[in-house]
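Bear in mind the structure is a predicted one, so any value in this text is a computation, not a measurement.
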Amino acid sequence: MAMMMSDPLVVGRVIGDVVDPFSASVRVTVKYNSNKKVYNGHELFPSSVTIKPKVEVHGGDMRSFFTLVMTDPDVPGPSDPYLREHLHWIVTDIPGTTDVSFGKEVVSYEMPRPNIGIHRFVFLLFKQKRRQTVATPSSRDCFSTRTFAEQNDLGLPVAAVYFNAQRETACRKR
């Protein structure tokens with residue numbers, strides 16, 4: 001159950017800031033550059049996440065469909081995220097047991113560009129009730145995962161994972 005205080009989604013305030021408490025029912029893996037796997041709360045450099053990742057859904061079956069949302073809840077900075085959230089990517093109609101390449105990209109991938117502080121970049125997976133029912137949001141800015149899920153009848157997420165990133169200085173890129 002995601003409510004346990006040791007749950008990294010609770011500790012990292014993904015549950016609370018982005019979504020309400022949920023129980024994961026499938027597993028999702030996110031890999032950048034085929035070898036950098038995303039683990040909750042781990043830091044990745046913006047220079048290593050420039051190209052959209054491979055995201056695999058481990059669960060459901062070929063008759064179940066999922067929507068993937070990637071968002072940054074820490075815009076413009078984590079101490080005062082008054083522009084929460086910024087939408088980075090949406091892929092819909094992903095068949096269970098496959099990856100995002102089998103889905104429909106409705107919002108193209110936008111690489112993370114954190115300017116102030118350490119930002120969380122959250123991948124949320126929702127189970128769709130049926131195919132081709134998810135509407136494209138009107139803007140990436142001031143996006144709300146909760147509102148998007150509600151408007152598209154997606155319910156609570158079935159899986160989530162997030163990483164942290166901060167602006168790279170010249171010395172951090174080495």
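Residues meeting the side-chain hydrogen bond (donor to acceptor under 3.5 Å, both in side chains) test with Asn40, sequence neighbours left out: none. When the salt bridge (charged side-chain N to carboxylate O under 4.0 Å, His left out) test is applied to Lys37, no partner is found at least two apart in sequence or on another chain. Residues that satisfy the side-chain hydrogen bond (donor to acceptor under 3.5 Å, both in side chains) test with Thr98, not counting sequence neighbours, are absent from this structure. Listed by chain and number, the residues in a side-chain hydrogen bond (donor to acceptor under 3.5 Å, both in side chains) with Ser79 amount to none (sequence neighbours excluded). Remark: Ser48 engages Asn33, Lys36, Leu44, Phe45 in a side chain to side chain contact (heavy atoms under 4.5 Å, CB included) (not counting sequence neighbours). Remark: Val75 pairs with Asp72, Leu83, His86 by the side chain to side chain contact (heavy atoms under 4.5 Å, CB included) rule, at least two apart or across chains. Here Asn152 pairs with nothing under the side-chain hydrogen bond (donor to acceptor under 3.5 Å, both in side chains) rule; sequence neighbours left out. Annotation: side chain to side chain contact (heavy atoms under 4.5 Å, CB included) contacts of Ser64 (sequence neighbours excluded): Asp61, Phe66, Lys127. Under the salt bridge (charged side-chain N to carboxylate O under 4.0 Å, His left out) criterion, Asp20 pairs with Arg146, not counting sequence neighbours. In this view, His42 and Tyr39 satisfy the side chain to side chain contact (heavy atoms under 4.5 Å, CB included) rule, not counting sequence neighbours.
Separation of atoms CG (Asn115) and CZ (Arg167) is listed at 5.5 Å; rounding is to 0.5 Å. Going from atom CD of Glu85 over to atom OG of Ser144 covers 5.5 Å, rounded to the nearest 0.5 Å. Expressed to the nearest 0.5 Å, how far CG of Leu87 lies from OG of Ser138 amounts to 10.0 Å.
Lys31 is not listed as a side-chain neighbour of Pro53, based on a closest heavy-atom distance of 4.5 Å or more. Ile94 is not listed as a side-chain neighbour of Thr67, based on a closest heavy-atom distance of 4.5 Å or more. Between Val19 and Pro157, some side-chain heavy-atom pair lies under the 4.5 Å cut-off. Side-chain contact check for Val38 versus Tyr32: some heavy-atom pair is nearer than 4.5 Å.
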### Message
Go through it in stages, so that I can follow the logic: the residues are Val106 and Val91, the test is side chain to side chain contact (heavy atoms under 4.5 Å, CB included), and I'd like the CA-CA distance, side-chain angles, deciding distance and then a yes or no.
### Response
CA-CA 6 Å; Val106 296; Val91 182; over 6 Å; no
### Query
When you look at His58 and Thr29, which way does the side chain to side chain donor-acceptor pair (under 3.5 Å) test go after all the steps?
CA-CA 8 Å; His58 306 278; Thr29 57; 3.0 Å; yes
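Look at Lys52 and Glu105 and you find a salt bridge, because one of the NZ, NE, NH1 or NH2 atoms lies within 4.0 Å of a carboxylate O, short of that distance.
Closest non-hydrogen pair, Tyr162 versus Gly12, comes out as OH-CA, 3.3 Å. Residues Ala160 and Leu124 share a closest heavy-atom pair of CB-CD2, 3.7 Å. When every heavy atom of Pro137 is checked against every heavy atom of Val107, the shortest pair comes out as CD-CG2, 4.0 Å. When all heavy atoms of Pro78 and Pro81 are compared, the pair lying nearest together is O-CD, 3.6 Å.
Applying the ring-ring contact (aromatic ring centres under 6.0 Å, His included) definition to pairs two or more places apart or across chains, those involving residues 105-140 are His88-Phe121, Trp89-Tyr109, Phe121-Phe163. For the salt bridge (charged side-chain N to carboxylate O under 4.0 Å, His left out) condition, the pairs that include at least one residue of residues 115-126, sequence neighbours left out, are Asp17-Arg120, Asp74-Arg120.
The backbone N or O of Lys54 lies less than 3.5 Å from no partner atom in the side chain of Asp99, so there is not a single donor-acceptor pair. Without hydrogens or angle criteria, Gln128 side chain to Thr133 main chain gives no donor-acceptor distance under 3.5 Å. Thr71 places no side-chain N or O within 3.5 Å of a backbone atom of Pro73 that could act as its donor or acceptor partner. In this structure, Glu150 contributes its side chain and Gly155 its backbone to no donor-acceptor pair below 3.5 Å.
Using a 3.5 Å distance cut-off with no hydrogens or angles, the side chains of Arg140 and Ser108 do pair a donor with an acceptor. The closest side-chain donor-acceptor pair between Gln132 and Asp93, if any, does not fall under 3.5 angstrom.
Note on Val57: it does not cluster hydrophobically with Leu156, by side-chain heavy-atom contacts below 4.5 Å among ILVMFWY residues. Hydrophobic cluster membership differs between Leu154 and Val55, with clusters built from Ile, Leu, Val, Met, Phe, Trp and Tyr side chains linked at under 4.5 angstrom. Hydrophobic clustering places Val26 together with Val28 (ILVMFWY residues linked when any side-chain heavy atoms are closer than 4.5 Å, directly or through intermediates). Placement of Val122 and Phe148 within a single hydrophobic cluster is found when ILVMFWY residues are connected by side-chain heavy-atom separations under 4.5 Å, directly or transitively. Connection of Leu125 to Val161 is established within a shared hydrophobic cluster, with ILVMFWY side chains joined at heavy-atom distances below 4.5 Å, either directly or through further cluster members.
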